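Quick notes on the structure that follows.
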Amino acid sequence: MKVSIEINGTTVSEEVEDRTLLVHFVREQAGLTATNIGCDTTSCGACTVLLDGESVKSCTVLAAQADGHRVTTLEGLRGEGGDLHPVQRAFREEHGLQCGFCTPGMIMASVSLLDHNPKPTRQEVRDGLEGNLCRCTGYHNIVNAVMNASGQEVQR
Amino acid sequence: MIPARFTYRRVSSVDEALAAVAEHGDDAKLLAGGQSLLPLMKLRFAAPELLIDLGPLDELRYVRREGDEIAVGAMTRYHDLHHDAVLAEHAPLLAHVAGSVGDQQVRHRGTIGGSLVHADPAADLPAAVLAVDGVLVARGPDGERRIPAAEFFQGPFETPLAPEELLTEVRVPVQDGAGWGFEKFTRRAIDWAIVGVVVAGRAVSLINMGGTPLRASAVEAALAEGASAAEAAALAAEGTSPADEAHATSEYREHLARVLTERALVSAGVS
Ligand SMILES: Cc1cc2nc3c(=O)[nH]c(=O)nc-3n(C[C@H](O)[C@H](O)[C@H](O)COP(=O)(O)OP(=O)(O)OC[C@H]3O[C@@H](n4cnc5c(N)ncnc54)[C@H](O)[C@@H]3O)c2cc1C
Ligand code: FES
Ligand code: FES
């Protein structure tokens with residue numbers, strides 16, 4: 001079937017199989033490879049993107065379901081002049097990443113979390129990111145990054 | 001992992017969905033939030049030929065008060081339930097339980113209807129709807145029928161819905177002033193419950209203590225006779241048949257049911 005999805009402000013129209021997953025559409029048809037496939041079983045959150053502004057695990061959404069809808073990936077967060085998004089900047093400042101594999105999903109989930117709750121407590125950040133797994137940083141710096149991005153105090 | 005081939009079809013009304021399932025029967029599957037069905041299809045445990053996407057059915061996405069009842073559309077997502085003002089006021093238990101399902105990404109997609117029809121004994125919403133004596137409204141070729149939650153959960157992943165029926169709505173009585181409690185013990189943050197307990201007023205239901213959500217009738221009877229939370233909770237495992245598994249033996253589950261029931265009763269205001 002022909003699927004047209006507005007990804008980061010540009011409409012991508014491609015002929016795909018009905019069973020194509022959104023994560024494959026984003027990586028292969030749109031050529032945007034920041035969105036990673038980790039577990040492929042809806043557990044790790046590495047594939048998180050925003051669908052109509054809400055975080056979803058794109059390994060568990062069909063491209064067909066997103067047809068006519070709006071998707072934002074990590075690549076779409078940068079500002080006009082190429083400036084990092086505040087959440088991206090905070091991950092860099094707080095060392096919220098090591099290998100970086102989970103980072104795109106973590107950042108997209110954090111953006112969604114802050115969208116609903118601009119001043120979360122540390123516990124709310126932990127609850128909000130429970131669907132995203134990281135093998136490297138031990139989460140502490142990730143929580144710090146989200147606190148930093150929300151303009152709140154960071155625990156050292 | 002990629003599902004087996006199927007034909008995807010999006011429908012724009014309940015009638016259109018009903019016509020499609022009437023025509024294709026067992027070969028077709030309805031897709032709501034996809035948070036259970038798509039993982040199953042990726043593992044090839046399910047391989048429908050036709051997938052009928054209910055996604056656009058905003059007509060089934062609502063929470064409204066109707067007299068002494070609250071009507072919730074089947075396509076209402078966990079995230080909507082968790083943030084809904086009507087539920088916050090008249091059925092905070094449901095809003096709370098919806099907020100503890102899975103993770104934020106799952107809650108943005110998963111629906112109350114999908115959860116109830118999927119009828120996973122480890123799921124949260126089925127036990128909550130059972131505790132509040134909810135009624136499920138289904139539409140099929142012969143019109144509408146209402147099924148009490150107590151008759152809806154027949155076995156693991158088994159309900160009385162026919163393939164050509166669609167769940168449209170869940171109705172729950174207004175819970176004004178009734179104490180409530182919810183406890184869930186999980187192995188990992190986003191997991192389903194090893195055991196869970198829902199208390200609504202003096203009604204108690206258990207998650208994952210058998211093939212369906214169960215009412216803890218012995219606990220309810222003891223409460224009716226004036227038992228304390230601790231006395232009543234001691235009976236939580238009575239009449240249950242929890243599975244014996246590698247990470248939770250049946251004895252362990254029975255123990256959890258007693259401990260969690262006492263905690264849930266205490267949060268519901270039973271002393
Ligand atoms: C990582 C993860 C963690 C999770 N954790 C939990 C948890 O802690 N607790 C919990 O309860 N659940 C949990 N779930 C399951 C989640 O709640 C699912 O969303 C839910 O069980 C199914 O809802 P859905 O809308 O996604 O339905 P779908 O997956 O789209 O459909 C499920 C089934 O219901 C049928 N169906 C759907 N809607 C209708 C309808 N209106 N009429 C007739 N049939 C219909 C479908 O055909 C299918 O058979 C988790 C899922 C994931 C991926
Ligand atoms: S790859 Fe989608 S959740 Fe892990
Ligand atoms: S930084 Fe390596 S997995 Fe998170």
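Chain A is the first sequence line, chain B the second, and so forth, proteins listed ahead of strands; every chain is numbered from 1. Just so it is clear, the model here is predicted, and its values are computed rather than measured. These values consider heavy atoms only, across backbone and side chains, with no hydrogens, waters or symmetry-generated copies.
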Go through the atoms of [X] and report whether side chain, backbone, both or neither lie under 4.5 Å from a heavy atom of chain A.
| X | result |
| --- | --- |
| Leu31(B) | side chain |
| Arg107(B) | side chain |
| His83(B) | neither |

Tell me whether [X] at atom [atom1] has more than 12 heavy atoms from other residues, nucleotides or ligands lying less than 6.0 Å away.
| X | atom1 | result |
| --- | --- | --- |
| Arg65(B) | CZ | yes |
| Arg44(B) | CZ | yes |
| Lys119(A) | NZ | yes |
| Glu153(A) | CD | no |
| His140(A) | NE2 | yes |

Self-check item: Check: Gln35(B) main-chain N/O paired with Lys57(A) side-chain donor or acceptor under 3.5 Å
Solution: no

Quiz item: side chain to side chain donor-acceptor pair (under 3.5 Å) with Gln105(B): which of Thr42(A), Thr48(A), Thr60(A)?
Solution: Thr48(A)

Self-check item: Closest non-hydrogen atom pair between Arg109(B) and Val56(A), with its separation
Solution: CD-CG1, 3.4 Å

Quiz item: Where is the tightest heavy-atom contact between Arg10(B) and Gln65(A), given as atom of each residue plus distance?
Solution: NH2-O, 3.3 Å

Practice problem: Measure Ser112(A) against the heavy atoms of chain B and call it side chain, backbone, both or neither at under 4.5 Å. | Solution: both

Quiz item: Is it the backbone or the side chain of Leu113(A) that comes under 4.5 Å from a heavy atom of chain B, or both, or neither?
Solution: both

Practice problem: Go through the steps to decide whether Leu62(A) and Leu51(B) satisfy the test side chain to side chain contact (heavy atoms under 4.5 Å, CB included), and finish with yes or no. | Solution: CA-CA 11 Å; Leu62(A) 298 170; Leu51(B) 200 55; 3.8 Å; yes

Self-check item: Pair His116(A) and His108(B), ring centroids less than 6.0 Å apart
Solution: yes

To the nearest 0.5 Å, what is the distance between [atom1] ([X]) and [atom2] ([Y])?
| X | Y | atom1 | atom2 | result |
| --- | --- | --- | --- | --- |
| Leu38(B) | Leu22(A) | CG | CG | 11.0 Å |
| Glu17(A) | Tyr8(B) | CD | OH | 15.5 Å |
| Lys42(B) | Cys59(A) | NZ | SG | 4.0 Å |

Practice problem: With a 4.5 Å cut-off on heavy-atom pairs, point out which of Gly131(A), Ser55(A), Ala109(A), Ala64(A) contacts chain B the most. | Solution: Ser55(A)

Quiz prompt | Pick from Thr41(A), Ile37(A), Asp67(A) with the largest number of heavy-atom pairs that fall under 4.5 Å of chain B | solution = Asp67(A)

Self-check item: Check ion pair Glu49(B)-Arg19(A) (N to O, under 4.0 angstrom)
Solution: no

Quiz prompt | N-O pairing of Asp18(A) and Arg5(B) below 4.0 Å | solution = no

Quiz item: Which one, Ile2(B), Asp191(B), Asp103(B), leads in non-hydrogen pairs under 4.5 Å with chain A?
Solution: Asp103(B)

